[in-house]
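Chain letters run A, B, ... following the sequence lines, proteins first, then strands; residues in each count from 1. Only this structure's heavy atoms are used, side chains among them; waters, hydrogens and symmetry mates stay out.
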Amino acid sequence: MVTASIRKEMYALADCNNFYASCERVFEPQLEDKPLVVLSNNDGCVIARSQEAKALGFKVGDPIFKFKDAVRQHNVIVRSSNFALYGDMSHRVMQTMRLFSPDVEVYSIDEAFIELVGLRGRNYENEMRRMRATILQWTGIPVSIGIGKTKTLAKLANHYAKRTIGIGGVAKIPQNPNEMLKTIEVGDIWGIGRQWSTKLRNIGVKTAFDLAAMDPTLIRDSFNIIAMKTAMELRGHKYFHFEQTPDQRKTLLRSRSFGKPVETWQELSEAIASHATRAAEKLRNENLVAKVLRVFFHTSLFNHRDPRHSTHAVVELIPPTNVTHDIIKAAVGAAEPMWQAGFKYKRAGVHLTDLSSGQVQCSLFDSEEKRIQDKRIMNVLDAVNAGMGAGTLHYAATGFTKVMQMRQLRKSPRYTTHWDELPECLCGLHEVQGGMSHISQNTK
DNA sequence: TCTGGGGTCCTAGGACCC
DNA sequence: TCTGGGGTCCTAGGACCC
């Protein structure tokens with residue numbers, strides 16, 4: 001028998017099960033088997049659920065205040081979101097994956113694609129089972145893994161793994177995938193959302209098998225090129241490439257709903273200055289400058305009793321910049337003429353676009369002297385805040401009022417990233433052994 | 001009383017030019 | 001009364017993702 005060494009593409013998609021809920025459970029094992037939901041900023045709506053909460057009918061996006069009775073009746077555990085914890089746990093999971101394959105594309109906070117060709121000769125499913133067990137042991141986070149010839153098929157296998165074998169486990173698209181494709185509803189395919197799946201069902205396309213069989217040109221004409229590529233990927237043709245190093249970002253948005261309605265220019269301007277500050281920090285962190293700034297604010301989208309107002313302004317930053325005081329000045333300056341008293345504003349934000357990493361070109365009005373001085377100030381600012389805690393040094397424009405403070409009544413400690421919030425007794429932790437100390441060197 | 005916060009890409013249509 | 005045709009660039013809006 002001749003074994004041809006044809007390089008066959010194969011991808012895995014590893015996805016953390018109920019990620020935020022799982023993170024909460026790692027340090028509080030008594031939450032295991034209990035219905036648990038995690039809320040958005042300001043404790044607004046549900047953004048993650050444990051399996052038990054899913055079974056009770058909690059949906060992502062449900063405003064929690066409407067479900068008070070259900071929460072009480074079923075003893076649902078409710079947590080504010082704790083992104084310091086989730087981000088750090090995510091990093092640990094991804095680092096563990098990299099021990100199994102160097103080719104990891106981090107796709108979101110809780111999932112990653114893994115190129116498997118590098119694991120030459122080994123049994124992919126066995127390797128992925130081993131990886132899954134290691135991640136669970138070292139981090140306490142359960143993952144599900146799907147394997148397929150394209151990213152879309154790997155996603156689909158992941159979905160299949162969760163649905164048919166229960167939570168967890170590893171599933172691979174079989175040689176002849178038709179029977180499996182027939183069991184996947186068209187709306188469960190990666191890239192086919194609510195609008196498109198409704199439209200597809202209306203023309204009789206109900207399953208992944210149906211979509212794969214559809215005429216590509218017709219898909220392209222009725223939807224768009226992405227829908228067509230998705231269908232081709234279901235047939236096993238690669239259209240979405242593996243991207244280990246993410247492309248440079250194109251936009252950056254910092255915005256937030258207010259804990260309570262804002263009715264004064266003072267409060268609004270402080271909020272805008274805070275968003276501008278956070279956006280500028282992020283820019284510097286990624287070595288980018290922004291050329292265009294958009295600032296916006298509006299009243300509640302849900303409150304129909306009070307007068308409503310929504311507005312935005314766009315300004316060009318000349319020259320492109322990542323200097324905090326320049327960005328604050330532009331944002332607040334553009335917002336001020338739009339301010340109108342008599343409204344209860346609910347949300348504001350700063351959106352930076354036309355980002356580039358290129359050297360800043362000096363404009364006629366820009367002096368080399370100012371540039372050097374600004375750079376020095378930003379270096380000091382960033383160093384102090386990195387060393388002594390975010391916000392230690394801040395601009396007066398961001399204010400001293402509490403307008404930016406979030407309502408987060410049920411937040412768990414930042415167990416893994418802050419010394420004073422470390423879990424005090426590790427003996428209660430189950431399944432987390434050995435490896436934890438091994439990968440925790442990166443924090444602090 | 002209380003409804004998240006980010007991103008990406010594609011398409012249609014208007015402005016403008018020759 | 002007749003009222004081109006093609007190209008580019010930009011933007012808003014809509015779809016999708018987590």
Just the atom pairs and distances: protein N or O near nucleotides 2-4 of chain B's N or O, under 3.5 Å.
| residue | atom | partner | partner atom | Å |
| --- | --- | --- | --- | --- |
| B:dT3 | OP1 | A:Lys346 | NZ | 3.0 |
| B:dG4 | O4' | A:Ser40 | OG | 3.0 |

Contact list (N/O, under 3.5 angstrom) for nucleotides 12-15 of chain C vs protein:
| residue | atom | partner | partner atom | Å |
| --- | --- | --- | --- | --- |
| C:dA15 | O3' | A:Trp196 | NE1 | 3.4 |

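Note on A:Lys155: a side-chain N or O is less than 4.0 Å away from OP1 or OP2 of C:dC18.
Among the atoms of the strands shown, only primed sugar atoms or phosphate atoms (P, OP1, OP2) are found under 4.0 Å from some heavy atom of A:Ile192. Within 4.0 Å of A:Ser81, counting heavy atoms only, lies no atom of the nucleic acid at all.
Applying the side-chain contact (heavy atoms from CB on, under 4.5 Å) criterion to A:Ser300, with sequence neighbours excluded, gives A:Phe302, A:Asn303, A:Lys346. The side-chain contact (heavy atoms from CB on, under 4.5 Å) check on A:Arg235 picks up A:Ala212, A:Pro216, A:Met232, A:His237, with sequence neighbours excluded. Every residue was checked against the salt bridge (Lys or Arg N to Asp or Glu O under 4.0 Å) condition with A:Asp103, not counting sequence neighbours, and none meets it. Taking A:Phe19 as the reference, nothing meets the ring pair (Phe, Tyr, Trp, His ring centres under 6.0 Å) condition, with sequence neighbours excluded. A:His304 pairs by the side chain to side chain donor-acceptor pair (under 3.5 Å) definition with A:Arg308, not counting sequence neighbours. For A:Glu316, the side-chain contact (heavy atoms from CB on, under 4.5 Å) partners two or more places apart in sequence, or in a different chain, are A:Lys291, A:Ile318. Applying the side-chain contact (heavy atoms from CB on, under 4.5 Å) test to A:Ala48 and every residue at least two apart in sequence or in another chain returns A:Tyr20, A:Val38.
Toward the 5′ end of DNA chain B lies the nearest nucleotide of A:Ser255, the other residue of the pair A:Lys229 and A:Ser255 mapping further downstream.
A salt bridge (Lys or Arg N to Asp or Glu O under 4.0 Å) check over residues 140-151 of chain A, counting only residues at least two apart or in different chains, returns the pairs A:Glu105-A:Lys151.
A:Glu286 has its CD atom 13 Å from the C1' atom of B:dG6, to the nearest Å. Whole-Å rounding puts the A:Arg278 CZ to B:dG5 P distance at 9 Å. Between the C1' atom of C:dC18 and the CE atom of A:Met94 lies a distance of 11 Å, rounded to the nearest Å. Computed from coordinates, the A:Asn158 CG to C:dC17 P distance equals 14 Å when rounded to whole Å. Atom-to-atom, NZ of A:Lys199 to P of C:dC16 comes out at 10 Å; the value is rounded to the nearest Å. The NZ-P distance, from A:Lys282 to B:dG5, rounds to 16 Å in whole Å. What separates NE2 of A:His351 from C1' of C:dT11 is a distance of 14 Å, to the nearest Å. The CZ atom of A:Phe240 sits 13 Å away from the P atom of C:dC18 (whole-angstrom rounding).
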Legend entry - Canonical and wobble pairing (Watson-Crick, G-U, under 3.5 Å) of DNA chain B, dot-bracket with |: ....||||||||||||||
Can you give the donor-acceptor pairs under 3.5 Å from side chains of residues 322-335 of chain A to other protein atoms, not counting sequence neighbours?
| residue | atom | partner | partner atom | Å |
| --- | --- | --- | --- | --- |
| A:Asn322 | ND2 | A:Leu288 | O | 3.0 |
| A:Thr324 | OG1 | A:Arg284 | NH1 | 2.8 |
| A:Thr324 | OG1 | A:Arg284 | NH2 | 3.4 |
| A:His325 | ND1 | A:Tyr395 | OH | 2.7 |
| A:His325 | NE2 | A:Asp374 | OD1 | 2.9 |
| A:Asp326 | OD1 | A:Lys370 | NZ | 3.4 |
| A:Asp326 | OD2 | A:Lys370 | NZ | 3.4 |

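Distance noted for atom C1' between C:dG4 and B:dC17: 14 Å (whole Å).
A:Leu293 pairs in a side chain to side chain contact (heavy atoms under 4.5 Å, CB included) with only one of the listed residues (A:Thr353, A:Leu317, A:Thr321), which is A:Leu317.
Minimum atom distance to the side chain of A:Arg254 is reached by B:dG6, of the listed B:dT11, B:dG6, B:dC9. Comparing atom distances between the A:Tyr107 side chain and each of B:dC9, C:dC18, B:dG6 picks out C:dC18 as nearest.
Salt bridge present: A:Asp15 and A:Lys162 bring a charged side-chain N and a carboxylate O closer than 4.0 Å.
Remark: aromatic rings of A:Phe113 and A:Trp190 are close, center separation under 6.0 Å.
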